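Notes to accompany the following structure.
Throughout, residue positions are numbered sequentially from 1 according to the sequence presented. These figures come from a predicted structure and were not determined experimentally. For the numbers below, each heavy atom of this structure counts, side chains included, while hydrogens, waters and symmetry mates do not.
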Amino acid sequence: LAFIQDYLFNVESLPEEQCYKKSLRLEGRGGATVEQTDEPYEPYGEMEKLSGYLYDVADSADSIVFENKQAAETSFVPIVSATLPKLLERLTYHKYQDMQFVWTFLSTYREFSTPEELLDLLVMRFKMPKPKNPSKQQMDTFTRTEMVPIHFRIVNVIKCWINTYYAEDFQDNEALRQRVESSVEDFKAFNPIAAKAADQLTAALKKQAEEEAPAEPELFTFGTGGEELAQTIVDFPEAEIAATLTEIDHEYLATVAAREMALTRSFDGPEVRESAPHIHAWLEHTNAVKRWIASEVVRQGNVDHRANVLSYLIRLVTKLMAMRNFNAAMTIMTALKEIQGEIEPTWAFVADDIISKFKDLIKMISGQVKDLEKTDVPTFTIPHFQMHLLRMKTVRETMPDKDSSGKMVHFKKFSKLYDAFKVIEGCKSLSPSLEDVDTSQCKAYLAKVQVLADVDIKAKARSFERVTLPERRPSFTDS
């Protein structure tokens, strides 16, 4: 009885006319209906009006566009375009929170906003209007279903932001750090329920400040010795070379950060060295591998020896594909295709079986690398890095930052960018199983080997003596 009495005392009571209108809205009858343009339904009674508050604007085609508007009410639906406040409203939506949306936003927001603006808008969102004169039931419902979920999601977004992008956004910005700390006190005063969660933001800042930044790894560099060695690539088992290239590629992959990929406008200009040093380093390494492969071929003055190296390299690509190092496999295939015309007579001395394998690899790789990288379960993979960079470049060049009105962020573009570098991020978490392979000797060779410049590779190829082509291509058994 006490429960019923308390319920009846606090239950929302509406005037008879308003009850009648709401019943017609739910179910028209006898020809009588109420248009949806009628006064809005206010489940908590009249709400406070806060000057300058940006989150009390109803969704419209001018503020947010979904891929599926109806489904967006109950579950996360990709956003095509939206104003910044609407993006943050959905980032901290009371009904649900989609973590992929959170990571997409945090990794790309610097393209259309600043850290200061982001924090200001999140603080504004936290200090939301409350019901003016609610019943106890209305206030309890508002607190439980809207205020608390929104507040915890705001805190979660800021915590993810600090833990992931402290070095880029907070480390050298004392004013921003102080603003977070002062906001924590505001959060605790505004909603004591969120006090413990808000304190985690101060703890996260302190922890990040105390942690030493990881030292930049010393990455392997090809051909620093630049020596004419007696050894050649064929003196090493294909599995050992494949393992060594995979180990080195994984070291480069581990240094590339999502934000670095997200905020770099161009990957082939001189500015990439400054704006994306880790991407630049991996691209330089990939180019060195390509020139090394061509150098190994043209170092051989004898046509049979060149044919032997070509055969070895094609078998090496097969090994790399089996190890799921698509980056090194594609780099070698590119090097072979680029040098193919320069040493065309040599290919006549390569066994039929190897040529057939080479053609199969070209066919398989040319249009399917993206599909080959996909797996149903997390599997170690070195993705074809340049393919993903090209994909991002295409998105940047073909999709605008803003919608046609210039008022909304074209978020679909940034979602597509995130999809591209999400592949890179996902591959970083898995390491190759190379414990059974000793790569030390192979690394020592690669560090000393001579890597020719492109112009020298072509000059060497042109200097080969003319050869009499064989009457028939050798078989695998012959070679």
Side-chain angles (χ1 to χ4, degrees), residues 220-223 226 229 231-236 238 240-249 252 267-268 281-301 303 305-350 354-355 357-369 372 382-390 442-443 445-447 449-464:
F220 181 84
T221 305
F222 261 91
L229 302 176
Q231 281 178 305
T232 70
I233 189 172
V234 297
D235 294 319
F236 296 88
E238 291 110 343
E240 191 174 321
I241 292 284
T244 304
L245 291 177
T246 300
E247 185 179 290
I248 295 169
D249 261 335
Y252 276 94
F267 300 109
D268 48 16
W282 199 6
L283 291 175
E284 287 288 293
H285 164 75
T286 300
N287 189 46
V289 171
K290 192 168 67 170
R291 289 187 290 109
W292 162 62
I293 292 298
S295 299
E296 288 282 3
V297 176
V298 299
R299 278 174 60 194
Q300 311 302 319
V303 67
H305 292 173
R306 287 198 298 277
N308 188 36
V309 171
L310 289 174
S311 301
Y312 177 97
L313 291 172
I314 293 164
R315 293 194 300 270
L316 175 60
V317 171
T318 305
K319 291 280 186 186
L320 288 165
M321 294 287 286
M323 295 179 74
R324 297 186 61 78
N325 184 348
F326 298 106
N327 192 65
M330 281 295 292
T331 301
I332 294 173
M333 289 295 289
T334 302
L336 291 176
K337 285 193 285 184
E338 287 182 0
I339 203 173
Q340 193 170 11
E342 301 288 343
I343 56 166
E344 192 168 349
T346 304
W347 289 91
F349 292 83
V350 177
I354 300 295
I355 291 293
K357 172 61 70 177
F358 183 55
K359 289 178 179 178
D360 287 344
L361 286 169
I362 291 174
K363 191 183 299 183
M364 180 170 60
I365 286 176
S366 59
Q368 300 178 36
V369 174
L372 290 168
I382 302 286
H384 182 213
F385 191 48
Q386 286 181 303
M387 181 189 73
H388 291 283
L389 294 184
L390 180 61
C442 190
K443 275 189 172 180
Y445 167 73
L446 295 178
V449 71
Q450 187 179 46
V451 178
L452 300 173
D454 289 328
V455 63
D456 296 324
I457 291 169
K458 290 182 178 180
K460 276 255 189 188
R462 284 194 293 267
S463 68
F464 293 145

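To the nearest 0.5 Å, atom NE2 of residue His285 and atom CD1 of residue Ile248 are 5.5 Å apart. In this structure, Leu336 CG and Ile332 CD1 are separated by 7.5 Å, a value rounded to the nearest 0.5 Å. In this structure, CG on Asn287 lies 6.5 Å from CD on Glu284, to the nearest 0.5 angstrom. Atoms NZ and CD1, on Lys290 and Ile339 in that order, are 11.5 Å from each other to the nearest 0.5 Å. Interatomic distance, Gln340 CD to Met333 CE, rounded to the nearest 0.5 Å: 9.0 Å. Atoms CD1 and NZ, on Ile362 and Lys337 in that order, are 5.5 Å from each other to the nearest 0.5 Å.
Taking 4.5 Å as the limit, every side-chain heavy atom of Ile382 sits out of range of all side-chain heavy atoms of Leu245. In this structure, Asp249 and Val289 have side chains that are not in contact, with every pair of non-hydrogen atoms separated by 4.5 Å or more. Val298 places none of its side-chain heavy atoms less than 4.5 Å from the side chain of Asp456. With contacts defined as side-chain heavy-atom distances shorter than 4.5 Å, the pair Val317/Phe358 does not qualify. Inter-residue side-chain proximity for Val297 and Leu313 is flagged as met; some heavy-atom pair is nearer than 4.5 Å.
When all heavy atoms are compared, the tightest approach of Ser311 to Ile354 is CA-CG2, 3.8 Å. Here the closest heavy-atom approach between residue Ser295 and residue Leu452 is recorded as OG-N, 2.9 Å. A pairwise comparison of heavy atoms in Ala461 and Glu342 identifies CB-CB, 3.8 Å as the closest pair. Here the shortest heavy-atom pairing between Asn327 and Gln386 reads OD1-N, 4.4 Å. Minimum interatomic distance between Arg306 and Gly301 (heavy atoms only, all atoms of both residues): NH1-O, 3.1 Å. Nearest heavy-atom pair, Ile457 versus Arg291, reported as atom, atom and distance to 0.1 Å: CD1-O, 3.7 Å.
For the pair Thr331 (side chain) and Thr286 (backbone), a donor-acceptor distance under 3.5 Å is absent. When atom types are taken as modelled, the side chain of Tyr312 and the backbone of Ile233 share a donor-acceptor pair closer than 3.5 angstrom. Using a distance-only test at 3.5 Å, with no hydrogens or angles considered, no donor-acceptor pair links the side chain of Tyr252 to the main chain of Leu283.
Classified by interplanar angle (parallel below 30°, tilted 30° to 60°, perpendicular above 60°), the ring pair Phe222/Trp292 is tilted. The aromatic rings of Tyr445 and Phe236 sit tilted, their planes meeting at an angle between 30° and 60°.
Heavy atoms of other residues, nucleotides or ligands lying less than 6.0 angstrom from CD of Glu344 number 12 at most. Counted within 6.0 Å of NZ on Lys359, heavy atoms from surrounding residues, nucleotides or ligands total 12 or fewer; the atom is thus considered open.
When each of Thr346, Ile343, Leu310, Val309 is checked for a side-chain contact (heavy atoms from CB on, under 4.5 Å) with Gln300, only Val309 meets the rule.
Between Arg315 and Glu238 there is a salt bridge, since at least one side-chain N of the basic residue sits less than 4.0 Å from a carboxylate O of the acidic one.
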